[in-house]
Amino acid sequence: MKTWVLLVVLVALGALRVWRRAKRRSGAPRQSRLRFAPLTSDVGLVAAREMRERFRGRIFRVGTVLILLVVAGAIVIPTLNKGKSEPQRIGVVGPLAAPLRAVVANYARGAGLTVYFVPESGVGAAKDDLRSGRIDLAIINAGQLLVDKSTGADATSTIPQLASDLGDAEAIAAAHLSAAQASELAGAKALPIMSLQPGPANKTLATSLIGLILIFVMLSQYNTWILIGVMEEKSSRVIEVLLAAVRPIQLLAGKVLGIGLVALTQATVIVAFALLLAKGVGSNLLHGTGPSVVLSTLVWLFLGYAFYCWVYAAAGSMAERQDQVQSLAFPLSIPIIFGYVMALTAASSGSVSSFFKVLAYLPPTAPFAMPVLVGLGAVAWWQFLASAVISVVCTIAMARVAAGVYRRAILRTGGRVRIREIFGRANAS
Amino acid sequence: MASLLQLEGLRQRYGTLTALDDLSFNVAAGQVVGFLGPNGAGKTTTMRAIFGLTDLDAGTVKWNGAKVSQAERRRFGYMPEERGLYPGMHVGEQLEYLGRLHAMSASSARSAAEMWLERLGIADRTDSKVESLSHGNQQRVQLAAALVHGPELIILDEPLAGLDPTGIDDIGNVLTEQARAGQCVLFSSHQLDQVEDLCESVTIIDHGRLVVSGRVDELATSGARRLVVRVEGDRDASWANGIAGVTVSEVNGGEARLVLSDGVDSESVLRAAMAKGRLTEFVFQRRRLSEVFREALG
């Protein structure tokens, strides 16, 4: 394990060193303002403008509200349904001893319900009341439960548990045990079950699904902002005024940083809202591996954005019109959609294939696959870290390529720029 | 030493097209310099090269004798041919932002933006979005964007295009003021009459090469003499066609503009005109800039 950690650290340091050396070789004069005062640097100025304009925009505000509503629905609705499906009025045919009534009351408290006992004149009357919906359950002569649905129809029903509890109470009463013995038996708990397999997926299924949807929506939204933002600067020719004052890489870095910070702010608001709401309504969103899923969702949202933002910025610099943007956006969205669908399938089924595990190490699909593996408890911390390091290294390489494409394409006007033109002779229009 | 922009041996080819062909010329401070040439002559490419917006095949752009760096370009102001502003951004914020990108402090940029908007008569549009302004006012904002940081060199590509006479006067006055204040001002235009009124010097290029460069006064008084003659009742100045060394360059409402070759005696022209009818106008005039332009381009 120590060898792995050492290897990862060495790779990261090596990548950083290569990047800094290449930066020095490019001949760009060092700008101390950039290093020591990032907020007042050109990159900071560009980023601040992006943030100000995006926060002001109606799309951001309406989009945030819509996402919050969807998240609220996903958290609150399951808790509402849970309360509504249980019985509230219990018909009683014949006598029902006090200990058995106490068992029913305990059961009701555990389910968060208030129950009422309704005396019934006979079994026929109880059946009529069940069919008409006046009662939800009938106890016949303290020895039988009667319901108006198939006994195997609702896997989530707690009625079998009530039946079992009542049976236990009757057996204890019939055995004529002492009060201490009866109390000992009544407090018996089921034995814990240990498994060699990962824990059941459904505990964090909702958390994983909400995280996946969040990553998909936000990557799609913010990458599209970058694509269109770069294209609009080119088509409005404001790019010429900007590049007369700052370098292309500063402009590009400021744009992806600004939009990235907007994305991070929105994600933080959404996650904080989800956590507070889940706690408030008693949702099981954060049970089991839930906290790990939330954390990994944020980490991979960040890493996913960092990887894709450069790709979309480079693509935006090659377009000059809306129709060109659409034709460029489609192929770029394919790995995002593929990763999303594969991750949804894996999270829903609760099992992962070897192919899916491979996807968790590829930077284009890792933002979707890795949080699902975390949710299923199917990944070790060093595997998570290794995937993150691979993503960071590939992001640095991608940023370098994208900056080159951007610099060569952003000032070329008169139609969509082709890749072969970019990597051919580096002339400008 | 007065600031000086020097372009030395600029070369730029796009495939088989030569945009700049060993182009060299200087622009001195303290005067407005017109940059002229037919469409496709290479004017915009030259201006973009000054700001490093095109990768030159060869050549150097110098400022005060040294190769221009990114830091110096921040002290230049640029107004591109196809206007460049964020359509959805507020006017005042946009100017402040551009000022800050040229290394101004926030407060200085804000003050300068307010001053220029006031100076150009659009202070009431500070909080308007650029896209909501008329063409003329957008042009004014674009000019303010080029000037907000107090540049030493001002490059303007077709700043007068599409403006009404008031707009032309406003922008022309600002450019003249800047030159008087010691700045270096170079602007391109196809409206030669306005260039003649505004500029002390002109540089004319064609096919990426320098054709002529000099002070407007010197160019106007050099070359063949211009003689304007009006003969009562005459509409086509056909009487002048028979005089050796005399060319009728244009006839407008009976007023004939004649070009006299070297050695032509103006008295022979006077006699020919008087023989045609009653002479009402006979005056020598300077070469117009449009004539300088046409003659320079052959």
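By convention in this document, chain letters (A, B, ...) are assigned in the order of the sequence lines, proteins followed by strands, and residues within each chain are numbered from 1. Keep in mind the model is a prediction, meaning the values are calculated, not measured. Reckoned from all heavy atoms, side chains included, excluding hydrogens, waters and symmetry mates.
- Contact of A:Glu240 with chain B is made through backbone and side chain together, with heavy-atom distances under 4.5 Å.
- The pair B:Glu93-B:Arg100 does not count as a salt bridge, with every side-chain nitrogen at least 4.0 angstrom from each carboxylate oxygen.
- At a threshold of 4.0 Å, the pair B:Arg209-B:Asp22 does not count as salt-bridged, since none of the basic side-chain nitrogens sits closer than that to a carboxylate oxygen.
- Contact of B:His90 with chain A is made through the side chain alone, with heavy-atom distances under 4.5 Å.
- Only the backbone of B:Leu85 comes within contact range of chain A, judged by heavy atoms closer than 4.5 Å.
- Ranked by heavy-atom pairs under 4.5 Å with chain A, the list B:Leu101, B:Thr44, B:Leu56 is led by B:Leu101.
- Proximity to chain A is limited to the side chain of B:Tyr97, based on heavy atoms less than 4.5 angstrom apart.
- Side chain to side chain, A:Gln266 and A:Thr64 meet the donor-acceptor criterion of an N or O pair below 3.5 Å.
- Neither the backbone nor the side chain of B:Glu81 has a heavy atom closer than 4.5 Å to any heavy atom of chain A.
- By the 4.0 Å N-to-carboxylate-O rule, B:Arg11 lies close enough to B:Asp21 to be salt-bridged with it.
- With hydrogens and angles left out, the side-chain atoms of B:Tyr86 and A:Glu233 include a donor and acceptor closer than 3.5 Å.
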